[in-house]
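Encoded as structure tokens, the structure appears first; notes follow it.
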Amino acid sequence: MTNFGPLFAPTTSLLDETRAVQQRLAAAETPSRDEASALVPRLRDVLHGHLRLYHQHDAPIVADAEYDALFHALVALETAHPALVTADSPTQRVGAAPLEAFEKAAHAAPLLSLGNAFGADDLRAWYDRLVRGLDGVEPVLDAELKMDGLAIALTYENGRLVRAATRGNGMVGEDVTRNVATIADVPLRLHGASVPRRMEVRGEVYMRKSAFDALNERLAREGAKTYANPRNAAAGSLRQLDPQVTKRRPLAFYAYALGPVDGSDVPASHAAAMTWLGTLGLPVNDRSRRCESLDDALDFAETWTAHRDDLDYEIDGCVFKVDEFGFQQTLGQVSNAPRWAIAYKFPAREATTRLLGIAVNVGRTGAIKPEASLEPVRIGGVTVSAATLHNADYIASRDLRIGDTVLVKRAGDVIPAVLHPILELRPEGTEPWAMPTACPACGTPLEREDGDAEWYCISAECPAQFIRLVEHFASRAAMDIDGLGEKLARQLVEEAGVARLYDLYDLPVERLEALERFGRKKAENLVAGLEASKARPLARLVFGLGIRHVGQTTAEALVARFASLAALMDASEEALVAADGVGAVVAQSVFDWSRREPNRHLVRELAARGLNTERLDGEAVAVASGIDGPLAGATVVLTGTLPTLARADAEAMIKRAGGKVAGSVSKKTTYVVAGEAAGSKLAKAQELGISVLDEAGLRNLLGGGDHAFG
Ligand code: IVH
């Protein structure tokens, strides 16, 4: 039940005051200026009271229509007497009248910027400087996310928002009060017992990614210009002269620092100040962490470098701040940045470069994939010269043209993508791009189904598709044939006469040795790799066959149900659908594939060459274990490089054994698996007394069932 206890007295007085105001409004149809100036503040208080009950306690005490009538009375009074409008008026949430230009707003204390750290070494050097500056004391740090938006300074007088200003040059910004008042996260009034006479709060105005996508969709529908990223959208939305426009933009706000405060005791530390701001009704990000040591800070940075994409807002780094204000004072500042804080910047992920050409590739299922050829550009430490363009619709909707300067994004492990052209830089004489009408590899006319974004080459003989299939068959997650990547697949198909997958297993060393860029050693290695692949678990072979819609997990699900390739290929559609984790689309696809004679021939020939086509002991267990696997309920953190397992493989093994993989070490961690060059996570595990394993230890834990996972 809702607890009305502490609310009760104010609630009754709010209702009394509401009635009194309603009576006065009813009595005076057009109030005089004097009456209005007496009535407007009361009306505002009443409306704020109802807003609080409604939004924060879910317990309104007047009908919506009553609230609306009071609200409109306030609008009418403020319209008749504009001098009575204040920034904290509830009417400002709705958006005030447009401005000609923003007024300048001088800051009471400069809005500093932050020094940057690019990587662990920079952070360590900064921390060492802190310790020296504090005569050997190792200060506690507060770690925060660095929101990618724009800085804003809010001034509250007696708890009322009176001004919001952009950072500008740090000394003087622009007065954007009317616009900021439309942001629902920004309280127009503070509450609580400790509201100071005057205070400044600093924070970031930003836009959530989901809101950004929806905004861009709307703008595109309306034929308006879209924004390149959430930060631009936030900045562009906040700097609208018409607050009505800002109001329709989904802006959000987080407070991250306390500015000058008058008339109240200020907490002694940054963390305490943030807690205080929270109690006053200001939104603070709850992902901040207290760091007792530099290792904790490094751990925070490492975690968020890996997990930034899990958030619904963009962050471009972490901010570390010395917690104690006393220490902050001792450390002071250099030029325009404090010594006591630093921005740990993530590697940049976007860059502009020229679109030199558009190549079309044929995927193993026949889907045609356009790919951008780019003037090489460095992004996040990697040189990028190609990027995906997804499909023809993607190119057309952005009107990407060869010769354009384009924005390229490379995020984490994701394939680089071209985001959009920079139209201002488009050279003369460019042409819209057109998709070829025939397969670039075999000349078969391309087809696409209604509503499908992809064009397909539907030829079963298409050599390009076959090269892709060989590459896929040999890939790590499938048959894991060492050294057999895209280039070699092409060479084997084009020069060594490989026309069906089983031909791979008939290649004599002498034949390979004679190929260009081959030697005895390389030829022998490839043959050995092929030989070794014959013993792979069945699920890998099923995945490697390249059946449409059959990914790794689906292949495992199929093998959990069918003990041999023969059984799988003879299964009815009903039997396929009945398997756990297999849906109608997959069942149909597997069924159709299995009925085709060339595929049945392929499988017979593979088996004749000695490839394993039976479920291995333990293989089904590995697949089916999940909830009752050896790691059921365990949380495992991986750190450093393991001797033989790639990170993705280790993660997959842990998950298949029922475990969870986490990014950072905490009391909830069950095991830390540490390899070469393990860093702060290992230290943290030791500190918390968490079991640390090496790769062999992990394999032991999983029952030594090496073969079960390959
Ligand atoms: S503290 C003196 N904390 O980053 C300290 N800034 O590169 C001033 N920013 O202009 C800033 N998230 O707009 C701080 N948690 C955070 C932040 C943050 C984003 C922005 C801020 C500032 C810029 C400096």
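Just so you know, ligand 1 is whichever comes first in the structure, and atom 1 is the first atom listed for that ligand. Fair warning: this is a prediction, and the values are worked out from it, not measured in the lab. Computation of the quantities below employed the complete heavy-atom set of this structure, encompassing side-chain atoms and omitting hydrogens, waters and symmetry-equivalent molecules. Start at 1 with the first residue, then count along the sequence.
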Next on the checklist: For atom 19 (C) of ligand 1, tell me which residue out of E144, M147, K345, K321 has the closest non-hydrogen atom.
Outcome noted: M147
Checklist entry - For ligand 1, which atoms have a heavy atom of A151 less than 4.0 angstrom away? => result 10 (O), 13 (O)
Next on the checklist: Between ligand 1 and A257, can you find any atom pair, the residue atom being a heavy atom, that is separated by under 4.0 Å?
Outcome noted: no
Checklist entry - Based purely on interatomic distance, does E204 place a nitrogen or oxygen under 3.5 Å from a nitrogen or oxygen of ligand 1? => result yes
Next on the checklist: Would you compute the distance between atom CZ of F212 and atom CG of N216 and round it to the nearest 0.5 angstrom?
Outcome noted: 4.0 Å
Next on the checklist: Looking at ligand 1, would R202 count as a contact under a 4.0 Å heavy-atom criterion?
Outcome noted: no
Checklist outcome for this item: of all protein heavy atoms, closest to atom 5 (C) of ligand 1 is L114 CD2, 3.8 Å
Checklist entry - What's the shortest distance from atom 17 (C) of ligand 1 to any protein heavy atom, and which residue and atom give it? => result Y256 CD2, 3.5 Å
Checklist entry - Can you say whether the rings of F320 and W126 are parallel (under 30°), tilted (30 to 60°) or perpendicular (over 60°)? => result tilted
Checklist entry - Less than 3.5 Å between some nitrogen or oxygen of S113 and one of ligand 1, yes or no? => result no
Checklist entry - Can you name the one residue among R178, R163, R93, R160 that meets salt bridge (Lys or Arg N to Asp or Glu O under 4.0 Å) with D88? => result R160
Item to check | Taking atom 23 (C) of ligand 1 as the reference point, the nearest protein heavy atom with its distance | outcome: K146 NZ, 3.9 Å
Item to check | Candidate pair D142 and Y256, rule side chain to side chain donor-acceptor pair (under 3.5 Å), full reasoning | outcome: CA-CA 11 Å; D142 296 311; Y256 58 58; over 6 Å; no
With a 3.5 Å cut-off and sequence neighbours excluded, list the donor-acceptor pairs that the side chains of residues 228-239 form with protein atoms.
unit_1: N229; atom_1: OD1; unit_2: R231; atom_2: N; d: 3.2
unit_1: N229; atom_1: OD1; unit_2: N232; atom_2: N; d: 2.8
unit_1: R231; atom_1: NE; unit_2: D148; atom_2: OD1; d: 3.0
unit_1: S237; atom_1: OG; unit_2: A233; atom_2: O; d: 2.6
unit_1: S237; atom_1: OG; unit_2: R249; atom_2: NH1; d: 2.9
unit_1: R239; atom_1: NE; unit_2: E174; atom_2: OE1; d: 2.9
unit_1: R239; atom_1: NH2; unit_2: E174; atom_2: OE1; d: 2.8
unit_1: R239; atom_1: NH2; unit_2: E174; atom_2: OE2; d: 3.1

Item to check | Nearest protein heavy atom with distance in Å, relative to atom 8 (C) of ligand 1 | outcome: L112 O, 4.0 Å
Checklist entry - Sequence neighbours excluded, which residues qualify as ring pair (Phe, Tyr, Trp, His ring centres under 6.0 Å) partners of F71? => result none
Checklist entry - Are any of the N or O atoms of R167 closer than 3.5 Å to those of ligand 1? => result no
Checklist entry - Is a salt bridge present between K146 and D316, judged by a nitrogen-to-oxygen distance below 4.0 Å? => result yes
Checklist entry - Which protein non-hydrogen atom lies closest to atom 2 (C) of ligand 1, naming both residue and atom, and how far is it? => result P338 CG, 3.6 Å
Checklist entry - With a 4.0 Å cut-off on heavy atoms, is L145 touching ligand 1? => result yes
Checklist entry - Does a salt bridge link D45 with R189, judged by any charged N lying under 4.0 Å from a carboxylate O? => result yes
Checklist entry - Any side-chain donor-acceptor pair under 3.5 Å between R44 and T86? => result yes
